[in-house]
Trainee: 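Dropping the structure in here first, questions after.
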Protein chains: 2
Amino acid sequence: MGERYLRSIRLLSECMQLFEQSSTRTVRKLGFTHSQFDIIATLGNTPGMTCKELGEKTLITKGTLTGVLDRLEQKGLVQRERGNDDRRQLFVKLTPCGEATFDDVFPKVVQNGKLRFNTYTDADYLQLETALGKLKQHLIDDSQ
Amino acid sequence: MGERYLRSIRLLSECMQLFEQSSTRTVRKLGFTHSQFDIIATLGNTPGMTCKELGEKTLITKGTLTGVLDRLEQKGLVQRERGNDDRRQLFVKLTPCGEATFDDVFPKVVQNGKLRFNTYTDADYLQLETALGKLKQHLIDDSQ
DNA sequence: TATTGTTATACTCTATAACTATA
DNA sequence: TATAGTTATAGAGTATAACAATA
């Protein structure tokens, strides 16, 4: 098993690195830092969440998060609202402008603005989805 | 085509995010920054390269690279040697200690210290490798 | 007392521009 | 003049610890 296992791991790592390089380039070109984009992507298509939850999902510690949110708020992309049931909590969500930015920017970054699947057949899609679906399940199980 | 295309993209993005979260956690636990690990991983299993080449591969600009290399040199993990043919160039490579660190740390990060393929059959491996191999080719072609 | 989020601090990463030395 | 790498600078991300407000 060892040999084959390492081959898959290396291939996975190479794809990740290539993908991250492209997405990093796109994110920077669009004027965002990695952390800022991570927050926009995490808040996109959600009703919002508390700072605590946002920090857990993005792996940004609370002290750091305050600063990153300050800058996003200054750009008019996110807003903070004090919670009603628990007055300690802040509820963070995208502003309409933030939503528009998400809709515009997210596909560009994920697609790298370039990655196309022109030559993909139905069978190719099926294979990719099946392989990634199984992998995703492993990654989720392992993240506990 | 649109629907299916988006489904693959989203799945890919989810795998990437899960993978990056785990690897970020591992890198930090091991006492490295993202950039430092990126450099160690890029230099690992190579005879070394110039600062220029290292900067192009890691997307770290030259001014930044100097500082990151300074700190890795201080930790005794990399060394810089003035080139013989072109005295302007610096040749950067891992020290023996850096190599040992790479051998120890790289698998832990890539495997997340946890990701196992216990339940993978030969067919699963083949499918993952085929799908990722095709994807890799697309990512390489698009990075030009 | 415990939890949520902010503030303060020190260090690292980041891009950019000016600089040194080689070519 | 052009290129490889350093230095200087200002802004952003990072973890940590101390703090205020709320529970």
Side-chain angles (χ1 to χ4, degrees), chain A residues 20-21 23-43 48-93 109, chain B residues 20-21 23-43 48-93 109:
Chain A
E20 208 200 318
Q21 276 184 15
S23 69
T24 296
R25 249 186 281 258
T26 309
V27 164
R28 287 189 193 162
K29 237 179 280 175
L30 292 165
F32 295 105
T33 66
H34 183 279
S35 294
Q36 288 171 4
F37 175 74
D38 200 9
I39 285 175
I40 291 172
T42 302
L43 289 177
M49 61 192 76
T50 63
C51 285
K52 179 177 164 59
E53 198 177 347
L54 189 54
E56 285 167 355
K57 294 204 182 204
T58 57
L59 295 184
I60 299 175
T61 49
K62 57 183 182 180
T64 305
L65 190 59
T66 298
V68 181
L69 287 177
D70 283 348
R71 283 176 284 273
L72 284 174
E73 202 173 35
Q74 210 169 351
K75 289 185 182 182
L77 299 175
V78 307
Q79 59 191 59
R80 288 183 263 207
E81 285 167 16
R82 186 62 62 181
N84 286 328
D85 27 312
D86 187 337
R87 301 279 303 159
R88 290 172 304 181
Q89 296 182 329
L90 278 182
F91 201 72
V92 188
K93 62 179 182 182
V109 172
Chain B
E20 208 201 317
Q21 276 185 14
S23 69
T24 296
R25 249 187 281 258
T26 309
V27 164
R28 287 188 193 163
K29 237 181 280 175
L30 291 165
F32 295 105
T33 65
H34 182 279
S35 295
Q36 288 170 2
F37 175 73
D38 201 9
I39 285 175
I40 292 172
T42 303
L43 290 176
M49 60 192 74
T50 63
C51 286
K52 179 177 166 58
E53 199 177 347
L54 189 55
E56 285 167 357
K57 294 204 182 206
T58 56
L59 295 184
I60 298 176
T61 50
K62 57 182 182 181
T64 305
L65 190 59
T66 298
V68 181
L69 287 178
D70 283 348
R71 283 176 283 274
L72 283 174
E73 203 173 34
Q74 210 167 352
K75 290 185 183 183
L77 300 175
V78 308
Q79 58 191 58
R80 288 184 263 208
E81 284 167 16
R82 186 63 62 181
N84 285 328
D85 27 311
D86 187 336
R87 301 278 303 158
R88 290 171 305 181
Q89 296 182 330
L90 278 181
F91 202 74
V92 188
K93 62 178 183 182
V109 172

Trainee: Could you pull out the closest heavy-atom pair between B/Phe32 and B/Ile40, with the gap in Å?
Mentor: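 Heavy atoms only, the tightest pair is CE2-CD1, 3.8 Å.
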Trainee: For residues 51-63 of chain A, which residue pairs qualify under salt bridge (charged side-chain N to carboxylate O under 4.0 Å, His left out), counting only residues two or more places apart or in two chains?
Mentor: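 Counting only pairs at least two positions apart or across chains, the salt bridge (charged side-chain N to carboxylate O under 4.0 Å, His left out) contacts touching residues 51-63 of chain A are A/Lys52-A/Glu56.
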Trainee: What pairs with A/Thr24 under side chain to side chain contact (heavy atoms under 4.5 Å, CB included), at least two apart in sequence or on another chain?
Mentor: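 If we apply the side chain to side chain contact (heavy atoms under 4.5 Å, CB included) test to A/Thr24, skipping adjacent residues, the hits are A/Glu20, A/Arg28, B/Leu59.
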Trainee: Please state how far atom NZ in B/Lys29 lies from atom C1' in D/dA15, giving the value in whole angstrom units.
Mentor: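 My rounded result for the distance is 16 Å.
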Trainee: Between B/Thr33 and A/Leu90, just flag the one whose closest nucleotide in DNA chain C comes earlier from the 5' side.
Mentor: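 First, find each residue's nearest nucleotide; the 5'-ward one identifies A/Leu90.
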Trainee: In whole Å, what is the span from the CZ atom of A/Arg28 to the P atom of D/dG13?
Mentor: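 Taking CZ of A/Arg28 and P of D/dG13, I get 12 Å after rounding.
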Trainee: Looking at A/Leu65 and A/Cys51, what are the two nearest heavy atoms and their distance?
Mentor: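 Distance-wise, the nearest heavy atoms are CD2-O, 3.3 Å.
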Trainee: Please work out if A/Ser35 contacts a base, only the sugar-phosphate, or nothing of the nucleic acid, heavy-atom cut-off 4.0 Å.
Mentor: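 Sugar-phosphate, no base atom in range.
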Trainee: Say you draw a straight line from CG of A/Leu90 to CZ of A/Arg88; how long is it, rounded to the nearest 0.5 Å?
Mentor: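 These two atoms lie 12.0 Å from each other.
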Trainee: If you take any heavy atom closer than 4.0 Å to DNA chain D, which residues from residues 69-81 of chain B end up in contact?
Mentor: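 Of all residues in residues 69-81 of chain B, the ones placing a heavy atom under 4.0 Å from DNA chain D are B/Arg80.
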Trainee: Could you pull out all residues at least two apart from B/Lys29 that satisfy side chain to side chain contact (heavy atoms under 4.5 Å, CB included)?
Mentor: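 B/Lys29 satisfies side chain to side chain contact (heavy atoms under 4.5 Å, CB included) with no other residue.
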Trainee: Just the table, please: protein N/O against nucleotides 16-23 of chain D N/O, every pair under 3.5 Å.
Mentor:
{"from": "D/dA23", "atom 1": "OP1", "to": "A/Arg87", "atom 2": "N", "distance (Å)": "2.9"}

Trainee: Listed by chain and number, what are the side chain to side chain contact (heavy atoms under 4.5 Å, CB included) partners of A/Thr58, not counting sequence neighbours?
Mentor: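 Checked A/Thr58 against side chain to side chain contact (heavy atoms under 4.5 Å, CB included); matches are A/Asp38, A/Ile39, A/Thr42, A/Leu54, A/Ile60.
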Trainee: I need the A/Leu43 CG to A/Lys93 NZ distance, nearest 0.5 Å.
Mentor: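 Output value for this atom pair is 11.0 Å.
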Trainee: Between D/dG13 atom P and B/Gln36 atom CD, what is the distance in whole Å?
Mentor: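 That distance rounds to 18 Å.
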Trainee: According to the salt bridge (charged side-chain N to carboxylate O under 4.0 Å, His left out) rule, which pairs have a member within residues 63-72 of chain A, sequence neighbours left out?
Mentor: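 Qualifying pairs: A/Asp70-A/Arg80.
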Trainee: Give, for atom OG of B/Ser23 and atom NE2 of B/His34, the distance between the pair rounded to the nearest 0.5 Å.
Mentor: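 It is 6.5 Å, given to the nearest 0.5 Å.
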Trainee: Can you sort out which residues in residues 50-57 of chain A have a heavy atom within less than 4.0 Å of DNA chain C? Ascending by number, please.
Mentor: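 Nucleic-acid contacts, sorted: A/Thr50, A/Cys51, A/Lys52.
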Trainee: Can you give the first and last nucleotides of DNA chain C, 5' to 3', that have an atom under 4.0 Å from a heavy atom of chain B?
Mentor: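 That gives a stretch of C/dT12 to C/dA23.
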Trainee: What residues form a side-chain hydrogen bond (donor to acceptor under 3.5 Å, both in side chains) with A/Gln79, not counting sequence neighbours?
Mentor: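 For A/Gln79, the residues satisfying side-chain hydrogen bond (donor to acceptor under 3.5 Å, both in side chains) (neighbours in sequence not counted) are A/Glu81.
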Trainee: Got a sec, which residues hit side-chain hydrogen bond (donor to acceptor under 3.5 Å, both in side chains) with A/Thr33, two or more places apart in sequence or on another chain?
Mentor: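 Result, side-chain hydrogen bond (donor to acceptor under 3.5 Å, both in side chains) vs A/Thr33: none returned.
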Trainee: Could you list the residues that satisfy side-chain hydrogen bond (donor to acceptor under 3.5 Å, both in side chains) with B/Gln36, not counting sequence neighbours?
Mentor: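 By the side-chain hydrogen bond (donor to acceptor under 3.5 Å, both in side chains) rule, B/Gln36 matches B/Lys75.
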